[in-house]
Number of protein chains: 2
Amino acid sequence: MIPARPYAFAIDRLRKAGLRPTRQRLALLRLMFDGGDRHVTAEQLHAEALAAKLRVSLATVYNTLNQFTAAGLLREVVVEAGRSYFDTNTSDHHHFFFEASGRLQDIPGADLKVSDLPPPPAGTTVSRVDVIVRVKSPDNN
Amino acid sequence: MIPARPYAFAIDRLRKAGLRPTRQRLALLRLMFDGGDRHVTAEQLHAEALAAKLRVSLATVYNTLNQFTAAGLLREVVVEAGRSYFDTNTSDHHHFFFEASGRLQDIPGADLKVSDLPPPPAGTTVSRVDVIVRVKSPDNN
DNA sequence: AAATAGTCTAGAATGATTCTAGACTATTGA
DNA sequence: TCAATAGTCTAGAATCATTCTAGACTATTT
Ligand SMILES: [Mn+2]
Ligand SMILES: [Mn+2]
Ligand SMILES: [Zn+2]
Ligand SMILES: [Zn+2]
């Protein structure tokens, strides 16, 4: 018997996002979401996919991550020029950024408050507030 | 008489940063700091330099901006993958980011407070806290 | 099963940034 | 004053992340 059931939820998520449930998208969706909250780059996910014997091109990984982000399944986080992290946690939260390792770690939204934010300039609305707490190891680096 | 005086302060700043006061560095320093608080990319500064009849290579603009940043004269701000802004304001402050135009605007440090920040992970110290308030025009984009 | 729209991929292209290696320049100190 | 030295500058190549292209392939619809 074919284990068609495990994919039922993933198929549904893709359909709701208006994306055809293809082999690549299903596999990437599971790689991203089967491991709790994650912050991965396209290159990292591509390497994971190859390690899992999945054949996907890097272009498809980029396309898929961007489509998932546009659909609200992922959130893109930028902390360093020339590198994008895709975050499976789309709720309101912030990040620690480990400068030495390049790793990101969630700070739950409730744990941190931004107050006295001046009103946004006339004619604009706030689309997102990002707080990045950069930390370093006093030793390494 | 040669106007050697206007450069006196700039020469001093470079010397204190351990950088030889060369023609290129002096000119770039003045371009950056003669106009109040600024947020510029390397490409933008290079274009300004050329417009001001200064002969500098883009490589030198990058080198210089990175040296100034390392010396604490500038601060690098990243809000989008693949693009670095160099900020002449090195005091504690945050930013509005206009998604439509790609422009940055300062939010004075005193105007915005981050509270209830959890302690940084063991063995690390906070090197900087960046708050980016992304705003969009409801019309354009 | 054919038609259609959507997707995938290798590889080229792009854009920002860094590197290379040789020419040039500021600083030092005899 | 001027060579020796360390530091700097530059054009162009290289690198790296990301996007684009165009044709082959696939899911969905009829
Ligand atoms: Mn993107
Ligand atoms: Mn840099
Ligand atoms: Zn996160
Ligand atoms: Zn600023």
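A, B, ... follow the sequence lines: proteins, then strands. Residue 1 opens every chain.
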Engineer: Find the distance A:L26:CG to D:dT26:P and express it as a whole number of Å.
Structural biologist: 15 Å

Engineer: Can you tell me if A:R83 touches the phosphate of D:dT18, counting only side-chain N or O atoms and a distance under 4.0 Å to OP1 or OP2?
Structural biologist: no

Engineer: Tell me: CD1 of B:I11 to P of C:dT27, nearest whole Å?
Structural biologist: 9 Å

Engineer: Could you give the CG-to-P distance, from B:L28 to D:dT10, as a whole number of Å?
Structural biologist: 9 Å

Engineer: Figure out the OH/P separation between A:Y85 and D:dA17, and round it to whole Å.
Structural biologist: 11 Å

Engineer: Can we say A:D130 and A:R75 salt-bridge, meaning some charged N sits less than 4.0 Å from an Asp/Glu carboxylate O?
Structural biologist: yes

Engineer: A:R25 side chain N/O closer than 4.0 Å to the phosphate oxygens (OP1, OP2) of C:dC8?
Structural biologist: yes

Engineer: Using a strict threshold of under 4.0 Å (side-chain N to carboxylate O), is an ion pair present between B:R38 and B:E48?
Structural biologist: yes

Engineer: Can you see if the side chain of B:T60 gets near the phosphate of D:dC9 - specifically, an N or O under 4.0 Å from OP1 or OP2?
Structural biologist: no

Engineer: Distance from A:T69 atom OG1 to A:L74 atom CG, nearest 0.5 Å?
Structural biologist: 4.5 Å

Engineer: Tell me the partner of D:dG23, counting only Watson-Crick (N1-N3 plus N6-O4 or O6-N4) or G-U wobble (N1-O2 and O6-N3) with both under 3.5 Å; none if nothing fits.
Structural biologist: C:dC8

Engineer: Which residue, B:P21 or B:G82, contacts DNA chain C at a nucleotide closer to its 5' end, judged by nearest heavy atom?
Structural biologist: B:G82

Engineer: Can you figure out which of C:dG11, C:dT27, D:dT28 approaches the side chain of A:A59 most closely?
Structural biologist: C:dG11

Engineer: Hey, could you give me the OG/CD distance between A:S84 and A:E76, rounded to the nearest 0.5 Å?
Structural biologist: 3.5 Å

Engineer: Rounded to whole angstroms, how far apart are CZ on A:R55 and C1' on C:dT7?
Structural biologist: 15 Å

Engineer: Closest-nucleotide mapping onto DNA chain D: is B:R20 or B:S57 further toward the 5' terminus? I mean the 5' end.
Structural biologist: B:R20

Engineer: Should B:R23 be listed as having a side-chain N or O under 4.0 Å from OP1 or OP2 of C:dC24?
Structural biologist: no

Engineer: Whether A:Q24 contacts C:dT9 is assessed here as follows: a side-chain N or O lying under 4.0 Å from the phosphate OP1 or OP2. Is that the case?
Structural biologist: yes

Engineer: Within the structure, does a side-chain N or O atom of A:T22 lie under 4.0 Å from either OP1 or OP2 of C:dC8?
Structural biologist: yes

Engineer: Nearest-Å distance, CG (B:N63) to C1' (C:dT25)?
Structural biologist: 16 Å

Engineer: I need the CG-C1' distance between B:L19 and D:dG7, as an integer number of Å.
Structural biologist: 10 Å

Engineer: Respond yes when some side-chain nitrogen or oxygen of A:N66 is under 4.0 Å from OP1 or OP2 of D:dT19, and no when none is.
Structural biologist: yes

Engineer: Reckon A:S84 has a side-chain N or O less than 4.0 Å from the OP1 or OP2 of D:dT18?
Structural biologist: yes

Engineer: Please tell me whether B:H95 and B:D87 have a donor and an acceptor in their side chains that are separated by less than 3.5 angstrom.
Structural biologist: yes

Engineer: Roughly how many Å is it from CG in B:L58 to C1' in C:dA16, rounded to a whole number?
Structural biologist: 9 Å

Engineer: Check whether any side-chain N or O of B:Y62 sits under 4.0 Å from OP1 or OP2 of C:dT18, and answer yes or no.
Structural biologist: no

Engineer: Between the side chains of B:N89 and B:H39, does any donor sit under 3.5 Å from an acceptor?
Structural biologist: no

